Amino acid sequence: MDLFNREGFVRKKCESCGKHFWTLNQERTRCDDQPCSPYTFIGDPPTSKRLSYVETWNAVERFFKKNGHTIVKRYPVVSRWRPDLYFTVASIIDFQRVEGGKVVFALPANPLVVPQMCVRFNDVPTVGVNGKHGTSFCMIGQTALANREGYWKDRTIDLDFELLTKVFGIPKEEVSFDEDVWMGYGAFGYSLQYNVRGLETGNAVFTAFEGSPEKYVPLKERVVDMGAGLERLTWLSQGTPTAYDSYLAPVLRRMKKENAVEYDEALFRKYAALAGEINLDEYRNLDDARLKIAKSLGRDASDLAKQFGALEALYAIADHTRTLLFAIADGMLPSNSGGGYNLRMVYRRARNFINYYKFKLTVPDLIDWHIDQLRGMYPELAGHDSDVKDVLGVEESRFLSSAERVAKIVSSISSEGKELSTDDLVRLYDSDGVTPEQLAEAGARASPPEGFYEKVQARHLSREIEQPKLQFDTSRISATRLWYYEEGAPLDFTARVVKVFQGNHVVLDRTVFYPRGGGQEPDRGTLGGAEVVDIEKYGDVVIHKVKGKAPRAGTRVECHVDQRRRRRVTQIHSATHVLNGASREVLGPWVWQHSAFKEEDYGRIDITHFSHLTGVEVQKIEDLANDVVRRDLPVTNTFMPRQEAEKKYGFRLYQGGVVPGKLVRVVDIGGWDIEACGGTHVSSTGEVGLIKVTKVERVQDGVERLEFVAGEAAIEYMHRMDSELSELSAVLNTQRENLPKVARGILRDLEESRAREKSLGETIVEMSSTGVAAEAKDVGAARLYVSKNPPMGEEQIIGQGQKSVSSEPSLIYVAIFSTGKSARIVCFVGQEAMKAGFSAVEIVRQLAPTLGGSGGGSPSFAQGGGPLAGKVDEAASIAQGLLPNSTS
RNA sequence: GGGCCGGUAGUUCAAUCUGGUAGAAUGCCUCCCUCGCACGGAGGAGGUCGGGGGUUCAAAUCCCCCCCGGUCCA
């Protein structure tokens, strides 16, 4: 490294961790990173100036601009262009695209610097506590390709050293560099980490290889990926006890205005210097880490938690609301699965802190304060102000109802006073969201949650899902010419058969058959006389599955695409785009297409939205969509380089997920909806004819499904509905307009007659049970009544039996009857009869075998039966012969 | 994406483990008490036990599939 020679840096090995590092300070024996060295900048910042968050960025921006860098606007924190990630976790993610299963770098400028807000949820419990972790942070991404416009190692280090020493005025000997190798996201390289007074301020990765250290190839183009934490630089320049006190200062000031937190500031500075060591990788849990800090301060751990808990809660609230602001402004919704779960989790964590410490704070205020603070750096946030508050308003009501639910569970458990095992606690937390802390506070008897979170974790160990293997080896076959994408491609065409797999999977040299893709179902038709039943794309080879005799390889075949099907699927596909645009317009900017499906007869689009669609909303969407259809807007398909498309249209392009490849096909529905899409489309919206939403349902939290018909399928749907209505009015013998009235009348009549039937049944029971005792015959001290197939329903029989024995306690009531496919026995034994030695359950057990079954119940009432319906008579005559001693 | 918990009267829930007449509280209706209200008293209405299939003489209960809600984790 040029700089090291020029300035006289020496390479040393840290006596604590063993890493190599470069420094100007001859005395240094340990690397200047945690935990080898403590923070020494707190209360004593090494920089020449005290800078705010935005001022720090402005200084960085000015410096790199002056040195020939393009300053790029931040990318969304929701990484739509990366199917393998929910959030932008590092600045380099902005410039990575997946093409053909490989990560490629695509820079909009070279060299460049981006103030990339990043979101990470992997150490939420330490946020607010360890002084530096946040769920969001701004990574200053200095990115360059190692070519003529850009640069490689020396220039990177020169620039960053100059930034630290000249711009921020840090003495040269205070800056040291740790050597390492950095890996991640499919590429790796040598790295240098910049440390100042115990704080890591940046990390430059010189990405030179693709793959992993075990198996790698040199990258075609090497990339400099330097990331510096803006929060860290701000902190360093202010020397505040925690990073939060620096980069969140304006927000914290407003938070504290009505929420004075009192604590020993001198003690807190000492505590904060040590709190930086809290890192869940090294400590089993927060309590252990706190215990260690408490010990070295000579304090009690619970005392420290009590003393600083409220302050730490304020930090966490500030952090969490800032993350929510960015994530929701960039289109993510809180939910119970996927990346949305992280948002729900931090929202609830923040809200619980507000409740617990009874802070006078509202989330919408906090959102405003963050927007205010960041205005000079991220002015776009202000434009999302009301959307973010709308979404959080919904989330708030969910939080409240969930809190209510938890409170109910907690109070019912604590009132039971039962001792809870760890398993109980784990189950309660996992399935109901009730934490052990909440239970303990309510006075429930809970055993200490030793290894609690490990137990929860253990319940979620999931097995790896195996990737389905490619069925065919297409590596030796050249790409199929995708004729269907070409203007004026004929639906009847000839092509040469290149290869036939497994006797019925045909590869052609060119094809107009549209394969399954982007949620659109494949074409049908004939290929050399054989019926085409399925079409899939494997890489860039299209494989047609045929039924019947497949043509031989090398022959020329005539192909005919099913025109009717193609036309109908096309209409539905374009309708999907129109509906997507209409939904976003009607509902809000958080609406994205989650997934979609287009068949010949109907289509389906899943959109992200936070609540159930109302009838009015659906109607608005439908009306707007049909308005777009009537305006007959032109639809264009254009292939363009990915970068150009992203630049021109933004990430809204990626509605159905990312499209792989260097070129993307941009489908523009008259400027109304623009998406990257590989499907077939109409040439103007008028061809869609009509769009009708047929069904709305919720797929999962935050995702609503619209089922619809369009074009010819919509007309057919109308016909079908119409004839069903006709049929219905014929059945009910009325005119259509009277149908609702007539149906309501029928329903009312039905209810009335049910009520009549019920009271009639009761009358029958009432009248008939008086005659039972008279017909009974003496059996010892008891009286026996056996009825065979009484003319009543089962319910009435039970009613009659019950009534009879209660008015005549010496009575034994036995009813044996057939239900058609089987025989049943119902038996009641009155109080006196029981004393005389009779038992209902014994009687049933004695009779049931005759019917080929069994029975059960109590001595006073039992039921039974069997499948032999024809043996009712036989069973009845056995019942007639019952004797007292035979059943006891 | 995966795991777990739940769905019974308008509402909150019991009965499910261990199959045998679906229950309580509350709200609602009627009546009594009262100048009236509240309280109190008497009576009454209110249920496809989320849906479907299976096992069984018999399923709210056991088994399978699906739907819906909640929750945790990646």
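This structure is a prediction, so every number in the text was calculated from the model and none was measured. Chain A is the first sequence line, chain B the second, and so forth, proteins listed ahead of strands; every chain is numbered from 1.
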Could you work out which one of [options] sits closest to the side chain of [X]?
| X | options | result |
| --- | --- | --- |
| Tyr429(A) | C72(B), G1(B), G20(B) | C72(B) |
| Lys408(A) | U71(B), U21(B), C13(B) | C13(B) |
| Asp430(A) | U71(B), C57(B), G3(B) | G3(B) |

Could you tell me how far [M] sits from [N] if I compare only their [atom1] atoms? Round to whole Å.
| N | M | atom1 | answer |
| --- | --- | --- | --- |
| U30(B) | A38(B) | P | 13 Å |
| C5(B) | G50(B) | C1' | 16 Å |
| C49(B) | U8(B) | P | 11 Å |
| U56(B) | G20(B) | C1' | 12 Å |
| C72(B) | A58(B) | C1' | 39 Å |
| A14(B) | A22(B) | C1' | 11 Å |
| A42(B) | U61(B) | C1' | 35 Å |
| A15(B) | U71(B) | C1' | 25 Å |

Interatomic distance, [X] [atom1] vs [N] [atom2] [rounded to whole Å]:
| X | N | atom1 | atom2 | answer |
| --- | --- | --- | --- | --- |
| Asp423(A) | C5(B) | CG | P | 12 Å |
| Leu343(A) | A74(B) | CG | C1' | 15 Å |
| Asp701(A) | C5(B) | CG | C1' | 16 Å |
| Glu795(A) | G20(B) | CD | P | 17 Å |
| Phe121(A) | C72(B) | CZ | C1' | 16 Å |
| Ile825(A) | G20(B) | CD1 | C1' | 13 Å |
| Glu707(A) | C67(B) | CD | P | 13 Å |
| Arg405(A) | U11(B) | CZ | C1' | 17 Å |

Would you check if there is a donor-acceptor pair between the side chains of [Y] and [X] at a distance under 3.5 Å?
| X | Y | value |
| --- | --- | --- |
| Glu396(A) | Tyr347(A) | yes |
| Thr850(A) | Glu874(A) | no |
| Ser91(A) | Asp94(A) | no |

Does [atom1] in [X] sit with more than 12 non-hydrogen atoms of other residues, nucleotides or ligands closer than 6.0 Å?
| X | atom1 | answer |
| --- | --- | --- |
| Glu795(A) | CD | no |
| Glu404(A) | CD | no |
| Gln831(A) | CD | no |

Nearest-nucleotide 5' precedence on RNA chain B, Leu428(A) against Ala862(A): Ala862(A)
First of Gly864(A) and Gly856(A) reached from the 5' end of RNA chain B, by closest nucleotide: Gly856(A)
When we call it a touch if two heavy atoms are under 4.0 Å apart, what does [X] touch: a base, just sugar-phosphate, or nothing?
| X | value |
| --- | --- |
| Leu851(A) | nothing |
| Phe861(A) | base |
| Ser337(A) | base |
| Asp432(A) | sugar-phosphate |
| Gly338(A) | base |
| Arg398(A) | sugar-phosphate |

Do any side-chain nitrogens or oxygens of [X] fall under 4.0 Å of OP1 or OP2 in [N]?
| X | N | result |
| --- | --- | --- |
| Arg698(A) | G70(B) | yes |
| Arg824(A) | G20(B) | no |
| His612(A) | G69(B) | yes |
| Ser854(A) | U56(B) | no |

Arg824(A) side-chain N/O to Gly865(A) backbone N/O, donor-acceptor pair under 3.5 Å: no
Given that both distances must come in under 3.5 Å, which nucleotide forms a Watson-Crick or G-U wobble pair with [N]?
| N | value |
| --- | --- |
| A42(B) | U30(B) |
| G20(B) | C57(B) |
| A25(B) | U11(B) |
| G36(B) | none |

Candidate pair Tyr75(A) and Phe651(A), rule ring-ring contact (aromatic ring centres under 6.0 Å, His included), full reasoning: CA-CA 9 Å; Tyr75(A) 283 44; Phe651(A) 296 102; 5.5 Å; yes
